[in-house]
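Each chain gets a letter, A, B and so on, in the order its sequence line appears, and its residues count up from 1. Not measured: the values here are computed from a predicted model.
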Protein chains: 2
Amino acid sequence: MGRWEPDAAGRLLEAALELFSERGYEQTTVADIAQKAGVTERTFFRYYADKREVLFGGGTELEATVVASIAAAPSSAAPLEAVVAAISAIGLLLDERREFARRRAAVIASNASLQERELLKLAALSTAASSALRDRGAGAAEAALAAETGMALFKVSFERWVASPSARSIADYVKEAARELTALAAKL
Amino acid sequence: MGRWEPDAAGRLLEAALELFSERGYEQTTVADIAQKAGVTERTFFRYYADKREVLFGGGTELEATVVASIAAAPSSAAPLEAVVAAISAIGLLLDERREFARRRAAVIASNASLQERELLKLAALSTAASSALRDRGAGAAEAALAAETGMALFKVSFERWVASPSARSIADYVKEAARELTALAAKL
DNA sequence: ACACTCATGTCAGTAACTGACATCGAAGGG
DNA sequence: CCCTTCGATGTCAGTTACTGACATGAGTGT
C-alpha cells in the first residue's frame with residue numbers, strides 16, 4: 001500500500017464533477033475540489049493543467065481511437081465514410097461510459113468556458129482525423145473538409161444523444177445524421 | 001470635445017493587437033495594453049469582459065449578417081444554400097477588413113486560448129444560423145446540421161484564405177469548398 | 001543502514017478579474 | 001453664471017487561477 005490514497009487524478013475528477021454539478025463550475029474553487037479529494041491545490045495542478053482540464057482527461061484516448069479507426073478503414077472507403085466510422089467508434093466509447101458522459105455533458109452545457117475547451121478538443125480531433133486521412137492518400141484540402149464535416153456530424157449526433165433519454169447508441173445518431181447530410185448536400 | 005481621448009475601446013484593440021503581435025499573447029499583460037492605450041486596467045475590463053475578448057468585438061455584427069442573409073435567401077433556396085450565402089456574406093465583410101483580419105488571425109493562430117474563444121464565437125454563429133433556418137421553416141434537426149456543416153465550410157475556407165497570399169475573396173474559397181463538399185457527400 | 005526516488009506539501013509570487021467608491025469635466029436648467 | 005446631474009474614468013482592496021522553488025517523508029533497492 002502506498003503512502004497516499006491511490007488514484008489522486010481519479011478522485012479529483014470525481015470530486016470536481018460532483019461539485020460542478022451541485023454548485024456550478026464558477027462557484028467551485030480548485031481549493032474546494034482538492035479538499036474534497038484529500039489533496040492540496042498544488043497537487044490538483046500537477047495532474048491537470050488548469051481547472052477546466054479536469055473534465056477533459058480522455059482526449060488522448062479519443063484521438064487515438066479516431067486515428068486508428070481511420071487507418072483501419074478499407075482503402076475502398078471514401079474519406080467521409082472513414083470519418084463517419086471514426087466518430088461512430090468514439091460514440092461506442094462514450095456508450096460504455098454513458099452515465100459519466102451525460103453528467104459531464106450537463107456540466108459543460110452550463111458553462112461557456114467549458115464549452116470553449118470542449119470545442120478546442122473537438123478541433124484537435126478534427127486535426128488528427130485530417131492527418132489520418134492524408135496518411136491514407138487523401139489530398140490536404142479534401143482531408144480537412146472531410147474531417148471538419150465529420151465533426152459537424154459528431155456535434156449534432158452527440159447533441160441529440162444527450163437530449164434524448166433513450167438508450168440508443170450514439171453511433172445510431174451518427175448514421176442518421178450522415179443520411180441527412182447526404183440529402184442536404186444533394187440539394188446544393 | 002470630451003474630457004478624454006475618444007474611442008477608448010478602439011485604442012485598446014489596436015494596442016492589444018500590436019502587443020500580441022510583437023511579444024505574444026501570454027507575454028502581454030492587460031496592464032500593458034491599458035497603458036499603451038492611455039487608460040487604466042480597470043477601464044479595459046469595462047470595455048472587454050476579459051483579456052481575450054478584445055479581439056472578438058465584431059461578433060454581434062457577424063451574427064446579424066448571418067441572420068439577415070439567411071432570412072433574405074429566396075424561399076426556393078435549400079438550407080445549405082442559404083447557409084453558404086450567409087458565410088459568403090461574412091467573407092465579404094472580412095474582405096473589407098483584409099489587413100486587420102489577417103493580423104488578427106495570425107495572433108489567434110499562435111495561442112490556444114484565443115483559438116478556444118474563436119471556436120466559441122463560431123459556435124454562436126452556428127446557433128444563430130440554425131435559428132434563422134428554423135424561422136424559414138426548416139426542421140430543427142435539418143437546421144442544426146446545415147448550420148454546423150456551414151461552419152465546417154467556413155473554417156476550411158477561412159483557413160485557405162489565411163494561408164494564401166493572393167487577393168481572392170473568401171467567398172471564392174467558400175464556393176470551392178461547397179463544391180468539394182458536394183463531391184464528398186455524394187460518395188457517402 | 002543508506003541513498004535515492006517520487007508523489008505530495010508548503011509558501012511566496014504574478015496576473016486576471018470584480019465590487020465599491022471617488023473624481024471631475026461636460027451639459028443642461030434655472 | 002452657478003448648480004446639479006451624469007457618465008466615463010480612476011483608485012483600491014480583495015479573490016482566485018496558476019507557477020516556481022524548495023522541503024518532506026514513506027517506499028525501494030543495494
Side-chain angles (χ1 to χ4, degrees), chain A residues 1-20 22-57 59 107-108 110-118 120-121, chain B residues 1-20 22-57 59 107-108 110-118 120-121:
Chain A
M1 231 184 295
R3 176 181 176 189
W4 303 278
E5 296 301 311
D7 192 22
R11 269 156 42 224
L12 283 165
L13 167 56
E14 187 54 37
L17 200 49
E18 279 184 29
L19 290 172
F20 292 167
E22 285 167 16
R23 312 180 194 170
Y25 175 78
E26 304 207 333
Q27 282 65 50
T28 305
T29 71
V30 173
D32 291 336
I33 302 169
Q35 188 184 8
K36 181 155 189 161
V39 296
T40 61
E41 199 178 340
R42 191 66 181 88
T43 291
F44 177 96
F45 287 110
R46 287 204 176 91
Y47 284 100
Y48 300 108
D50 59 51
K51 184 182 168 184
R52 305 175 213 172
E53 198 65 18
V54 66
L55 293 184
F56 295 90
V107 170
I108 291 175
S110 74
N111 181 269
S113 78
L114 290 173
Q115 289 161 38
E116 288 186 334
R117 180 59 51 85
E118 172 124 298
L120 190 69
K121 298 292 183 180
Chain B
M1 228 182 298
R3 178 179 175 191
W4 304 276
E5 296 300 311
D7 194 23
R11 272 154 42 222
L12 283 165
L13 166 56
E14 187 53 37
L17 200 49
E18 279 184 28
L19 290 173
F20 292 166
E22 286 167 14
R23 313 181 193 166
Y25 175 78
E26 303 209 332
Q27 283 63 50
T28 304
T29 70
V30 172
D32 291 336
I33 302 170
Q35 189 183 7
K36 182 156 188 161
V39 296
T40 61
E41 200 179 340
R42 192 64 183 85
T43 291
F44 177 97
F45 287 111
R46 287 205 175 91
Y47 284 100
Y48 301 108
D50 58 52
K51 184 182 170 186
R52 304 174 215 171
E53 197 64 18
V54 65
L55 292 183
F56 296 89
V107 170
I108 292 175
S110 74
N111 180 270
S113 77
L114 290 174
Q115 289 160 39
E116 287 185 335
R117 181 57 52 86
E118 171 125 298
L120 189 66
K121 298 290 183 180

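A salt bridge is defined here as a Lys NZ or Arg NE, NH1 or NH2 lying under 4.0 Å from an Asp or Glu carboxylate O, and B:Arg11 with B:Glu5 fails to meet this definition. Between B:Lys121 and B:Glu53, at least one side-chain nitrogen of the basic residue sits less than 4.0 Å from a carboxylate oxygen of the acidic one, meeting the salt-bridge criterion.
The CD atom of B:Glu41 sits 15 Å away from the C1' atom of C:dG19 (whole-angstrom rounding). Per the geometry, CZ belonging to B:Phe45 stands 12 Å off P belonging to C:dG19, to the nearest Å. Between A:Asp7 atom CG and C:dT8 atom P the separation is 10 Å, expressed in whole Å. Computed from coordinates, the B:Gln35 CD to D:dT9 C1' distance equals 17 Å when rounded to whole Å. Computed from coordinates, the B:Asp32 CG to C:dC17 P distance equals 14 Å when rounded to whole Å. For A:Leu114 and D:dA17, the CG to P distance is 13 Å, given to the nearest whole Å. Distance, A:Phe44 CZ to D:dA17 C1': 10 Å, rounded to whole Å. Straight-line distance from the CH2 atom of B:Trp4 to the P atom of C:dA26: 9 Å, rounded to whole Å.
Positionally, the nearest nucleotide of DNA chain D for B:Ala8 lies more toward the 5' end than for the other of B:Ala8 and A:Asp50.
Between A:Thr40 and C:dG9 there is a side-chain N or O to OP1 or OP2 distance below 4.0 Å.
At a threshold of 4.0 angstrom between heavy atoms, the contacts of A:Tyr48 with the nucleic acid are absent. Backbone-only contact: B:Tyr47 has heavy atoms under 4.0 Å from sugar-phosphate atoms and none from a base. Using a 4.0 Å heavy-atom cutoff across all strands shown, A:Thr28 reaches sugar-phosphate atoms only and no base atom.
For B:Arg46 against D:dG7, no side-chain N or O and base N or O form a donor-acceptor pair under 3.5 Å.
The number of heavy atoms from other shown groups lying within 6.0 Å of CD (B:Gln35) does not exceed 12.
Taking every side-chain heavy atom of B:Thr29 into account, C:dA15 is the closest of C:dT18, C:dA15, D:dC18. Side-chain proximity of A:Arg42 to the nucleotides D:dC18, C:dC11, C:dT18 is greatest for C:dC11.
Between the side chain of A:Arg52 and the main chain of A:Glu116, no donor-acceptor pair closer than 3.5 Å is present.
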